[in-house]
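Chain letters run A, B, ... following the sequence lines, proteins first, then strands; residues in each count from 1. Keep in mind that what you see is a predicted model, and the values were worked out from it rather than measured.
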Number of protein chains: 2
Amino acid sequence: MENINLKTLAAQLHLSTATVSKALRDSHEISDETKQRVRALAAALNYIPNPYASSLRKKSSKTIAVVIPEVADSFFAEAINGIEAVAQSKGYHVLIYLTHESFEKEKAILMDFQSGRVDGVLLSVSAETVNTNHILTLQSHQIPIVVFDRICDEIKTAKVSTDDYNSGYKAAQHLIDRGYKKIAYLSISKTLSISRKRMNGYMQAMKENNFLPAEFYICECTTDDEYNNAVIENLLNNENRPDGIIASVEKLTTSVYSACRRLQLKIPEDVGVISFSNLKTAAILNPSLTTITQPAFDIGNAAASLLFKSFEKKSFQLDAESQSFPSVLHIRNST
Amino acid sequence: MENINLKTLAAQLHLSTATVSKALRDSHEISDETKQRVRALAAALNYIPNPYASSLRKKSSKTIAVVIPEVADSFFAEAINGIEAVAQSKGYHVLIYLTHESFEKEKAILMDFQSGRVDGVLLSVSAETVNTNHILTLQSHQIPIVVFDRICDEIKTAKVSTDDYNSGYKAAQHLIDRGYKKIAYLSISKTLSISRKRMNGYMQAMKENNFLPAEFYICECTTDDEYNNAVIENLLNNENRPDGIIASVEKLTTSVYSACRRLQLKIPEDVGVISFSNLKTAAILNPSLTTITQPAFDIGNAAASLLFKSFEKKSFQLDAESQSFPSVLHIRNST
DNA sequence: GTGAAAGCGCTAACAA
DNA sequence: TTGTTAGCGCTTTCAC
């Protein structure tokens with residue numbers, strides 16, 4: 001099938017391409033009658049404008065980028081849902097990029113956006129991300145960027161996230177209320193602000209309850225499941241093992257449960273477990289899992305909405321628009 | 001920061017834009033010395049070519065589209081991983097679109113691709129998709145399309161999927177081997193070929209074991225969790241309830257487990273449960289879940305690889321390249 | 001080995 | 001109200 005463009009339409013209608021273009025965009029300069037004719041033919045021939053010609057000319061691409069560490073995580077999957085919902089409603093397209101927690105990849109991806117490929121970026125930084133120069137560079141090219149979930153405090157833009165400090169606090173306090181005393185915090189990154197904040201909340205709760213730093217256990221996990229399994233098993237296979245565990249990230253849950261099973265530790269009797277998680281299956285785990293659940297869809301939705309607002313009025317100050325959503329504690333049988 | 005383009009480079013180097021363009025693309029027409037100079041300046045000024053200008057000119061966008069019903073499903077999430085891996089290695093960009101099981105949305109999305117926005121499409125059809133005209137139209141515009149997982153048999157192109165018939169058969173046979181006799185099949189769509197095939201496999205196994213059609217239970221589920229909960233509870237809350245359940249799709253697992261809990265039916269004693277699922281948490285459910293697991297990453301990877309092959313040689317016949325991957329049965333405590 | 005020129009399909013001044 | 005023209009930034013003949 002022949003590809004049909006403005007010129008074809010114009011020729012068949014004995015009009016200029018300019019007129020056709022304006023008619024299709026419902027310009028007030030064009031008579032109703034002409035608009036009718038143009039629209040009729042466009043529909044008949046099933047004309048779809050070439051987006052790249054239009055992008056080139058207008059210097060706007062009607063597409064945004066979503067840059068995240070991974071998709072196989074129910075938080076990010078739900079966040080994408082939230083983002084896609086807004087994008088679809090605004091007629092925007094969404095490009096997706098996975099960093100797999102690599103800072104180098106993240107830099108390379110953002111670098112490319114200097115080209116004008118996207119009108120804006122939604123970013124959740126990788127666990128390795130140690131500085132924000134790549135973000136600053138992008139901003140200096142007038143590409144608006146909104147960070148969500150895994151935010152960077154340093155950068156000047158909208159940040160949409162959970163109230164991480166409180167969430168960490170809430171998790172720890174819940175375990176303490178349940179009578180657990182030696183509580184471990186499983187982190188995925190020393191550098192990630194989100195992880196630090198959750199940890200600070202945990203530490204604060206511990207201190208307020210007069211636990212000594214010697215009774216805190218901070219355990220660094222990684223991207224590597226095998227490694228995490230070993231680390232967690234090691235943590236628990238020990239005279240002075242913790243009796244409570246806070247998994248700061250969903251994927252660590254499986255490792256914790258498996259380690260307990262291998263070591264024949266009973267949850268919640270021997271070890272209480274609470275996870276930051278959006279898993280739909282939390283309620284049907286064995287035992288059902290107490291979670292700190294983030295409003296993932298809403299966070300994605302809010303981040304995207306802010307980005308679109310910044311497209312609509314250029315005077316919109318993204319950095320005055322950060323939002324923090326409360327997480328909710330779902331108490332189940334693992335604590 | 002000023003946006004820098006070929007013209008800027010050319011001016012600073014006292015060369016023509018044509019020469020600079022060729023130099024950057026490492027054309028043999030250009031002297032090594034010039035290439036050096038050009039590359040040096042391009043790097044120094046951090047030149048990133050405008051992709052839309054290039055797309056417009058070359059009529060190729062270096063981007064593909066992934067059209068799927070949803071992301072919040074571990075099969076699709078993993079499949080995206082597989083797709084993204086190939087795309088990234090080939091320097092391609094990936095646009096993502098969610099149909100939320102709506103045929104109308106799917107049509108609208110594919111329609112837009114006639115514009116040349118993408119070089120190819122990876123599609124997993126919605127549960128509502130009843131005909132393939134939208135796909136045929138796209139193909140008539142020379143946009144290659146590979147269907148994966150939720151394939152359509154009718155269309156002439158590469159189809160990458162699991163061996164669904166065998167998987168359905170395997171699931172049923174496993175339950176039968178375990179001594180279950182009244183086995184229900186939970187479907188998500190009458191029209192989806194993938195669902196029909198799994199169901200046919202189930203029926204075949206039943207017949208081979210001399211169960212009567214009267215002992216088959218086929219249960220239509222939907223997108224709506226509430227509704228599914230009710231339907232499944234109704235199925236099980238009954239004198240003549242099934243003693244075995246095959247969930248043909250991951251998301252139904254939670255409904256089944258919850259229904260059993262509410263009705264105080266014990267898994268696996270009262271009801272055996274097997275699910276098509278890629279959940280990482282299958283092993284730590286209560287009880288751990290017997291699954292038919294699809295090689296999601298590989299399927300995504302294979303689908304994308306085929307698409308890229310068709311870009312590389314236009315003589316490549318996609319419709320001669322369908323692939324079927326075996327699923328694996330993970331026997332756990334729910335059966 | 002390099003450059004001039006045309007043009008991808010569209011939009012936006014500016015004329016008419 | 002419609003048309004002419006220029007040009008977005010790039011690639012690609014085709015001359016030189």
Side-chain angles (χ1 to χ4, degrees), chain A residues 2-39 41-42 45-63 91 112-119 141-142, chain B residues 2-39 41-42 45-63 91 112-119 141-142:
Chain A
E2 211 29 43
N3 237 342
I4 123 112
N5 57 25
L6 274 189
K7 219 160 136 189
T8 332
L9 290 183
Q12 295 204 27
L13 292 162
H14 304 291
L15 288 171
S16 72
T17 58
T19 306
V20 176
S21 172
K22 287 175 193 159
L24 289 172
R25 327 179 85 257
D26 202 24
S27 160
H28 54 274
E29 310 177 30
I30 304 297
S31 73
D32 279 352
E33 198 216 322
T34 309
K35 284 185 190 170
Q36 300 295 329
R37 289 180 57 220
V38 171
R39 281 200 275 254
L41 187 65
L45 299 187
N46 197 9
Y47 166 70
I48 318 267
N50 182 311
Y52 297 136
S54 159
S55 292
L56 179 58
R57 184 62 235 242
K58 297 201 295 183
K59 298 188 163 310
S60 108
S61 62
K62 283 269 178 190
T63 109
D112 173 72
F113 298 155
Q114 290 175 32
S115 66
R117 185 184 298 280
V118 295
D119 296 345
H141 283 261
Q142 339 298 347
Chain B
E2 226 4 58
N3 239 342
I4 123 112
N5 58 24
L6 273 189
K7 219 160 137 190
T8 332
L9 290 183
Q12 294 204 27
L13 291 163
H14 303 292
L15 289 169
S16 71
T17 59
T19 307
V20 176
S21 172
K22 287 174 190 160
L24 289 173
R25 327 180 85 255
D26 202 22
S27 159
H28 54 274
E29 311 178 36
I30 304 297
S31 74
D32 279 351
E33 200 215 320
T34 308
K35 283 184 188 170
Q36 299 296 327
R37 290 178 57 218
V38 172
R39 281 200 275 253
L41 187 66
L45 298 188
N46 197 8
Y47 167 70
I48 320 267
N50 182 310
Y52 297 136
S54 160
S55 292
L56 179 57
R57 184 60 235 245
K58 296 202 296 186
K59 298 189 164 307
S60 108
S61 62
K62 283 268 176 190
T63 107
D112 173 72
F113 299 156
Q114 291 176 29
S115 66
R117 185 183 298 280
V118 295
D119 296 344
H141 284 261
Q142 341 296 346

Can you tell me the distance, in whole Å, between the NZ atom of K62(A) and the C1' atom of dC10(C)? 15 Å
From CG of N5(B) across to P of dT11(D) the rounded distance in Å is 12 Å
Whether each nucleotide of nucleotides 11-16 of chain C has a protein heavy atom under 4.0 Å at its base (B), only at its sugar-phosphate (S) or at neither (-) is summarised, 5' to 3', as BBB---
If you define the side chain from C-beta out and look only at heavy atoms, does anything of I4(B) sit under 4.5 Å from N46(B)? no
Report the distance from atom CG of L24(A) to atom OG1 of T17(A), rounding to the nearest 0.5 Å. 11.0 Å
Nearest 0.5 Å, please: how far is CG in L6(B) from CG in L15(B)? 11.5 Å
Find the distance N3(A):CG to dC8(C):C1' and express it as a whole number of Å. 12 Å
One should read off an interatomic distance between T19(B) OG1 and H14(B) NE2, to the nearest 0.5 angstrom, of 13.5 Å
Measure NE2/H28(B) against P/dG1(C) and give the value in whole Å, please. 9 Å
Could you give the distance from CG (L13(A)) to CZ (R37(A)), rounded to the nearest 0.5 Å? 5.0 Å
Can you name the side-chain hydrogen bond (donor to acceptor under 3.5 Å, both in side chains) partners of D32(A), sequence neighbours left out? none
Roughly how many Å is it from NZ in K35(B) to P in dG1(C), rounded to a whole number? 9 Å
Closest heavy-atom pair, V118(B) versus S61(B), reported as atoms and distance to 0.1 Å, is CA-OG, 3.4 Å
Rounded to whole Å, please give me the gap between NZ in K7(B) and C1' in dG7(D). 9 Å
Which is more 5' along DNA chain C, the nucleotide nearest I30(B) or the one nearest N50(A)? Just name the residue. I30(B)
So does S31(A) get a side-chain nitrogen or oxygen closer than 4.0 Å to the phosphate oxygens (OP1/OP2) of dT2(D)? yes
Rounded to the nearest 0.5 Å, what separation is found between the CZ atom of R25(A) and the NZ atom of K35(A)? 12.0 Å
Whole angstrom is fine here: how far is it from NZ in K59(B) over to C1' in dT12(D)? 14 Å
Please classify the nucleic acid contact of T34(B) as base, sugar-phosphate, or nothing, using heavy-atom distances under 4.0 Å. sugar-phosphate
Do any side-chain nitrogens or oxygens of T19(B) fall under 4.0 Å of OP1 or OP2 in dG3(C)? yes
Angle separating the five-pair end axes of the helix from dG1(C)-dC16(D) to dA16(C)-dT1(D), nearest 10°, is 40°
Tell me the interatomic distance from L13(A), atom CG, to dT1(D), atom P, rounded to whole angstroms. 18 Å
Say whether, by atom type as modelled, one donor and one acceptor occur between the side chain of K62(B) and the main chain of S55(B) under 3.5 angstrom. no
